[in-house]
Amino acid sequence: MTDYRQAQRRLRDHLAAVGALQDPAWARCHDAVPRHLFIPETIWTDRGDGYYVPVSRSDDPDLWLDACYSDHFLVTQVDDGAPAGPDGTGDVLTSSASMPSMVFGMLHHLDVGDGMRVLEVGTATGYNAALLCCRVGDGNVTTVEIDAGLAADGLANLAAAGFFPQVITGDGADGYPGAAPFDRVIATCSVRDVPYSWVAQTRPGGVIVVPWHTTYAEGGALARLTVSPDGTASGPLVGPAAFMTLRAQRLAPVDVHRDVHDEDQAEDSATKLSPRVAAFEEDAEFAIGLLVNARQYIGRSDPASEEFTLWLLDSASGSWAAADYVPGTDVFEVSQHGPRRLWDEVEAACRWWDGAGRPALTRFGLTVGADGDQAVWLDSPDHVLRHA
Ligand SMILES: C[S@@+](CC[C@H](N)C(=O)[O-])C[C@H]1O[C@@H](n2cnc3c(N)ncnc32)[C@H](O)[C@@H]1O
C-alpha cells in the first residue's frame, strides 16, 4: 500500500486551498490524526442506480487509501448494519465518515478554545472525536453514538490511534448530563428540532453547531447557536450541510405508490415555475422547505433523460401534486389532488422568496426558546418566519 503521508499532505493542501483549514491549530491536528486509521475495511460506494455496494481494503488497498484521503464522505454503514437491498446491497445510508472539508468547516464554526469541554453527538468512526481530543485534550471530550456496534468500533479506532475520550453508547438527543456543562456541542447528524437538552447542558455563552433541515429537503444548513443566560440559544445558518438524520427524527422513506391516489380526479394545470428551481436550486429549495410542510420525491422514468417529475406529498392530509420537468420549455404540466394544493403552496413560497430578494440560506437563523419552541428567522431574530 502507498505511504499514507503523501495522500494526507495532498488532502491538507486541498483543504487549505478551499479555505477549510485556515487555523494552524486544526492544521496541526489534521496532520496528527491519520484519517485512514478510522476508516473500516469495507466502505460502501454508490453503484449508480441508488444501491450501495461494498469496496474492501483487501481487494484494492490503493483505491481504499485514496478514498480515505479524498474530500468525500465515506459510507461506513447501510441499513443500520443489516443491508436490506437485493444481493447484499444497501438501501439507506446510516453512518459515514463525514467529508473532510465539512468536518473542518464545522470545527471552524465551533470556535473551540484550549481546555474547553466538548460534547459530540454521532461518534461513528471516531475521526472527528480524535480531532477534538487533539485540540482540547482527551479528558475534555465526550462523544455519544446510538448504534452500539459503531460505538464499539469508534472506541477501538480511537484507542488504536492513541486517543481516549469518553465514548458513550446512547441516544445523543439526551445530550450527556454526566459530563455537562459543556462549552461546545457539535452534532454530526442532522435535526429538524434541536433537542433542548443540548441547550440546557451548554453553559451561557457556549456554542452549539448542528446541521438543521426541513421536512421538504434532507439537505439543509449548518446552524451556529449561542446559548444565552435566559436558557435560549440563537444564531445564524452559516452554510449548506447535508447529514444523516438523528435517529429519533428520521422520516420513513417517501412512498409515492402509497401516497398518490385518485389520479383520474386530480386537477390539471400549467405553471411557469420550473420544477428544476423547486427541486434543485439550493436557496429556493431551502426557502420552500421553510414554508411548505410536505415531502418531495424526484421520479425519473428514464435515468439517462433530463426529464423528471417532482412529486409533493402530504400523507397526513392525503394531498399530493406532480410537476413535470421537460428541458427546453418554459411552461410545465402540473396535477394536484387533496385538500392542500401543494404546488400552489410551492409557487406561493417561491413568490415570497423572490419578493424577499431571493435570500441565500445564510440570511436565515434559528432560535430555540427556553420552552424548546423553535423559530426560524430572516436577517434578525425579530423577523420570525415560522415556528416549528
Ligand atoms: C455522519 S455520521 C458521524 C460522523 C462521525 N462524527 C465521524 O467522525 O466519523 C452520523 C452518526 O450519527 C449517529 N446517530 C444518529 N442518531 C444518533 C443519536 N440519536 N445519538 C447518537 N448518535 C446518533 C449515526 O449512528 C451515525 O453513526
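Read the numbers this way: they start at 1 and go in the same order the structure lists the ligands and their atoms. All values below come from the heavy atoms of this structure, side chains included, with hydrogens, waters and symmetry mates left out.
- Every atom of ligand 1 with a heavy atom of Ser95 under 4.0 Å away is listed here by number and element: 26 (C), 27 (O).
- With respect to atom 2 (S) of ligand 1, the closest heavy atom belonging to the protein is Ser96 O, 3.4 Å.
- Close approach of ligand 1 to Gly170 (heavy-atom distance below 4.0 Å) involves ligand atoms 20 (N), 21 (C).
- The protein heavy-atom contact nearest to atom 9 (O) of ligand 1 is Thr125 OG1, 2.6 Å.
- Remark: of the listed residues Leu155, Thr125, Leu150, Thr188, Leu150 is the sole one forming a side chain to side chain contact (heavy atoms under 4.5 Å, CB included) with Glu145.
- With ligand atoms numbered from 1 in the order given, ligand 1 contributes 25 (O), 27 (O) to contacts under 4.0 Å with heavy atoms of Leu150.
- Taking OG1 of Thr143 as the reference point, atom CD of Glu120 lies at 3.5 Å (rounded to 0.5 Å).
- Taking every heavy atom of both residues into account, Leu342 and Leu312 meet most closely at CD1-O, 3.5 Å.
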Only pairs under 3.5 Å count here: list side-chain donor-acceptor contacts from residues 259-270, not counting sequence neighbours, and write none if there are none.
from, atom 1, to, atom 2, distance (Å)
His261, NE2, Gly318, O, 3.2
Glu267, OE1, Arg341, NH2, 3.2
Asp268, OD1, Ser335, OG, 2.8

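- By the 4.0 Å heavy-atom criterion, Thr123 is counted among the residues contacting ligand 1.
- Two rings, from Phe286 and Phe364, have their centers less than 6.0 Å apart.
- For the ligand labelled ligand 1, residue Val103 lies outside the 4.0 Å heavy-atom shell.
- Residues Gln77 and Asp147 have side chains that bring a donor and an acceptor to within less than 3.5 angstrom of each other.
- At a 4.0 Å cut-off, at least one heavy atom of Glu120 sits close enough to ligand 1 to count as contact.
- For the residue pair Ser319 / Asp314, no side-chain donor-acceptor distance below 3.5 Å is found, with atom types taken as modelled.
- Side-chain atoms of Trp212 and Ser190 include no donor-acceptor pair closer than 3.5 Å.
- For the residue pair Gln8/Asp31, the side-chain donor-acceptor check at 3.5 Å is not satisfied.
- Given atom 12 (O) of ligand 1, the protein heavy atom at minimum distance is Gly122 CA, 3.5 Å.
- Here the heavy atom of the protein found nearest to atom 16 (N) of ligand 1 is Arg247 N, 2.9 Å.
- Scanning the protein heavy atoms around atom 10 (C) of ligand 1, the nearest turns out to be Thr188 O, 3.4 Å.
- Summary of contacts: the protein heavy atom closest to atom 25 (O) of ligand 1 is Glu145 OE2, 2.6 Å.
- Distances between N or O atoms of Phe243 and those of ligand 1 include no value under 3.5 Å.
- Here the NE2 atom belonging to His30 is positioned 11.5 Å from the CG atom belonging to Leu107, to the nearest 0.5 angstrom.
- In this comparison of Ile146, Val75, Asn128, the heavy atom closest to atom 17 (C) of ligand 1 sits on Ile146.
- Of the protein's heavy atoms, Gly172 N, 2.8 Å lies nearest to atom 20 (N) of ligand 1.
- For an aromatic pair to be called close, the ring centres must be under 6.0 Å apart, and Phe280 with Phe308 satisfies this.
- Between Ala129 and ligand 1 there is no heavy-atom distance shorter than 4.0 Å.
- Looking from atom 19 (N) of ligand 1 to the surrounding protein, the closest heavy atom is Asp171 OD1, 2.8 Å.
- Nearest heavy atom pair, residue Ala278 against residue Val346, reads CB-CG1, 4.0 Å.
- Residue Thr94 has at least one heavy-atom neighbour below 4.0 Å for each of these atoms of ligand 1: 24 (C), 25 (O), 26 (C).
- Annotation: Ser98 places no N or O atom under 3.5 Å from an N or O atom of ligand 1; distance criterion only.
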